[in-house]
Amino acid sequence: MNPAAFDHALDLIEQKRYKEAEPILLDLHDRDPMNARINFSLGLVYDDADEVELSLAHLRRAAEVAKKKSIVFEELAQILIRAGEYDEALEAARKAVKLDPNVGASYKALGDAYAKLQRPVLARQALQKAIKLEPEFPGAYLALHLLEKSLGDKKKAQEYLDKARDVSPKNPSVLYQEAIAAKYKEKPENLDTIEEVLGDEEKEFKRNQRAHLHYAAAKIYDDLGEMDDAFRHFEAGRKFLYSPYSSKRRRWQIDAFKEFFNKEFFEARREVALESAKPVFVFGMPRSGTTLTEQIIGRHPKAVGAGELTYFHSEMVKLRDGAKVTPEFFKNILAMDPKAFRRAGKGYLSLLDSIGGKAARVVDKMPHNFENLWMMALLFPNASFIHLNRNPIDNCISIYTTPLRDGHNYASSQKNLGEYYCMYRELMDHWVEVLPVKIREQSYEAMVEDQERESRALIDHVGLPWDDACLEFYKGDRQVTTFSIDQVRRPIYKSSVNRWKRYEAQVGELVEALGPYGPKKD
């Protein structure tokens, strides 16, 4: 290794100039691919770029070599959490703590992993330990804020947010959480702070931090009804949030799915099915009402809501060998024998048992499972399948104005989002035609309009007797970890219906891209 070059790369990382460090580190990596320090540094670079799979690959390689370095496992745990690999993240965080029990960041990673696995008591203990070790650790206070918020304790959540602000008043993550925690009727002081921090061109942030500052400002302007300013910040924030998106690649994937997953494919594999009716799959586009639906069913005494389980995503990653969908993906599916399918199905049922115990139904509300329905329908023909439909333009506006992970980079522009939505609907039409299961189409607007009628129909669809508790979904004490935390803690409201009209002057490109799914002209 060239020590001078590596030291220069480290200086650039210290200054948060990650893009400049990348080519230096890649050159060093070519010469010494198993060097733990180089791989760890590349992990940090790709973490900043939100390229999770690349970051994960380098951090895993670093961990193979630097088996006694706590910081490697702490960073690995955080990236695994972002990748949705929560069990592996917990293992890495535990190792980080064991290697050095005096580092607050390791306990914070441990707390984050426990929170994702819906083990709030252990999450709280780990995060409080992080603060005990580092009393001015804003990330730990914010994690506790989010934990208490996810459990419905608004008072405690606000207390931790206040402490985070006290120790780091200009922290981008703190400013973002403050912005979304309140409803503004007049311009607040923290808007000036946000714009001051954004205006400091010498200040170096991670990409997603600058994005969150813009989304924080946009949310406040939205509350104030200043839609041009709100949209200006939404557009600016997106540049720091999403990597490039290829509509052409997506088009190839949808066409390949439609050709490969035909009726003959399912007919030829009927013997792989398991009998269990325990799974309840709730899916659709993000921000379409999946959390609300899960909460309604989950309030039933014989059901449990499991949140967004990443099991089938992980199964797809294995079949893709970590890459995006390519012809190899379909070859690997063809190579699966009945034992391989049943192994996947039994693994999923074991996961549901660990979450729901003896519950008759467990609800998995991972929205993007709509891509994985081929495997879910093969394995569980007796399960319940519920597809959430929301007014397309409202659904897309909600996605466009929410800072989602980079995996949602189809939201990088109005045109990309509209085209993606059309292809999603095309795929869903195909599934309805070829899958050997019945899919309930659940309208978000219908649920808002007549909660009891739609709730009764939902409970009937999942094969349970009616229970009035399902009408009081907002009283549940189960942890909620999605962007819908606030919405599902109060009764159904109608303000999200036709919300797009607030942005009508700004979303012409989206309306055009939605084509037949766009709003109908009066």
Side-chain angles (χ1 to χ4, degrees), residues 118 152 274-309 312 348-349 351-367 369-370 373 376-377 379-391 395 428 431-432 435-482 484-485 487-494 496-497:
Q118 298 192 31
L274 301 175
E275 293 184 3
S276 178
K278 192 167 194 171
V280 176
F281 298 114
V282 176
F283 49 90
M285 285 291 280
R287 314 296 293 159
S288 62
T290 55
T291 302
L292 171 62
T293 303
E294 178 213 20
Q295 291 291 106
I296 290 169
I297 301 171
R299 279 288 284 160
H300 195 285
K302 293 185 178 180
V304 170
E308 297 181 358
L309 299 182
F312 286 101
Y348 184 70
L349 290 179
L351 174 62
L352 297 194
D353 288 343
S354 71
I355 295 170
K358 295 182 179 180
R361 302 288 184 270
V362 178
V363 188
D364 178 350
K365 57 132 299 189
M366 175 60 77
N369 266 341
F370 71 77
L373 290 176
M376 296 150 65
L379 294 175
F380 302 109
N382 297 322
S384 304
F385 292 80
I386 301 167
H387 174 219
L388 262 294
N389 277 311
R390 184 179 177 188
N391 179 1
N395 198 167
M428 281 307 310
W431 290 143
V432 169
L435 291 180
V437 295
K438 179 183 178 181
I439 298 175
R440 173 177 170 78
E441 298 290 337
Q442 178 60 55
S443 162
Y444 172 78
E445 286 76 19
M447 178 64 73
V448 170
E449 185 64 30
D450 194 334
Q451 179 191 351
E452 181 169 354
R453 181 192 65 200
E454 296 299 312
S455 296
R456 285 180 176 273
L458 268 179
I459 299 304
D460 182 64
H461 177 72
V462 303
L464 293 175
W466 175 249
D467 192 289
D468 286 341
C470 297
L471 295 177
E472 297 182 316
F473 62 89
Y474 50 90
K475 292 185 178 180
D477 57 3
R478 193 189 64 78
Q479 191 177 359
V480 180
T481 58
T482 70
S484 305
I485 291 174
Q487 291 95 319
V488 298
R489 295 299 184 193
R490 62 182 190 266
I492 280 180
Y493 55 94
K494 298 184 179 182
S496 291
V497 176

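Under the 4.0 Å criterion applied to side-chain N and carboxylate O atoms, K358 and D353 are not assigned as salt-bridge partners.
Residues passing the side-chain contact (heavy atoms from CB on, under 4.5 Å) test with S443 are E445, A446, sequence neighbours excluded. Under the rule for a side-chain contact (heavy atoms from CB on, under 4.5 Å), the partners of A457 that lie at least two apart in sequence or sit in another chain are R440. The side-chain hydrogen bond (donor to acceptor under 3.5 Å, both in side chains) check on N395 picks up nothing, with sequence neighbours excluded. With sequence neighbours left out, E452 forms a side-chain contact (heavy atoms from CB on, under 4.5 Å) with D450, R456, L471. In this view, Y348 and F281, Y311, F312, F380 satisfy the ring pair (Phe, Tyr, Trp, His ring centres under 6.0 Å) rule, not counting sequence neighbours.
Here the CD atom belonging to E472 is positioned 13.5 Å from the CD atom belonging to Q295, to the nearest 0.5 angstrom.
At a threshold of 4.5 Å between non-hydrogen side-chain atoms, the residues M447 and S455 count as touching. Within the 4.5 Å cutoff, no side-chain heavy atoms of D364 are placed close to those of V282. Side-chain contact between L352 and L309: present, with at least one pair of heavy atoms (C-beta onward) separated by less than 4.5 Å.
Nearest heavy atoms, S276 versus N382: O-CB, 3.7 Å. Of all the heavy atoms in P286 and P367, the pair that sits closest is N-CB, 4.0 Å. Residues L274 and P381 share a closest heavy-atom pair of O-CD, 3.8 Å. Looking at every heavy atom in both residues, P279 comes nearest to L349 through CG-CD2, 4.2 Å.
The main-chain N or O of N391 is never found under 3.5 Å from a side-chain atom of N389 such that the two would form a donor-acceptor pair. The main-chain N or O of G307 is found under 3.5 Å from a side-chain atom of E294 such that the two form a donor-acceptor pair. A donor-acceptor distance shorter than 3.5 angstrom exists from the side chain of R390 to the backbone of R287, with no hydrogens or angles considered. No donor-acceptor pair closer than 3.5 Å links the side chain of E454 to the backbone N or O of Q442. Looking at T293, its side chain does come within 3.5 Å of a backbone N or O of G289 through a donor-acceptor pair.
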query = Should I297 and V280 be marked as a side chain to side chain contact (heavy atoms under 4.5 Å, CB included) after you check the CA-CA gap, both sets of side-chain angles, and the distance that decides it?
reply = CA-CA 9 Å; I297 301 171; V280 176; 4.2 Å; yes
message = If you apply the rule side chain to side chain contact (heavy atoms under 4.5 Å, CB included), what do you find for M428 with L373, and how did you get there?
response = CA-CA 9 Å; M428 281 307 310; L373 290 176; 4.1 Å; yes
T290 vs F283, side chain to side chain contact (heavy atoms under 4.5 Å, CB included): CA-CA, chis, key distance, verdict = CA-CA 6 Å; T290 55; F283 49 90; 5.8 Å; no
key: Verdict with supporting geometry, H300 and R361, side chain to side chain contact (heavy atoms under 4.5 Å, CB included)   = CA-CA 9 Å; H300 195 285; R361 302 288 184 270; over 6 Å; no
Pairs under 3.5 angstrom only: tabulate donor-acceptor contacts from the side chains of residues 458-469 to other protein residues two or more places apart or in another chain.
{"unit_1": "H461", "atom_1": "NE2", "unit_2": "F385", "atom_2": "O", "d": "3.2"}
{"unit_1": "W466", "atom_1": "NE1", "unit_2": "D468", "atom_2": "OD1", "d": "2.8"}
{"unit_1": "D467", "atom_1": "OD1", "unit_2": "A469", "atom_2": "N", "d": "2.9"}

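A side-chain N or O of T291 and one of K365 form a donor-acceptor pair less than 3.5 Å apart.
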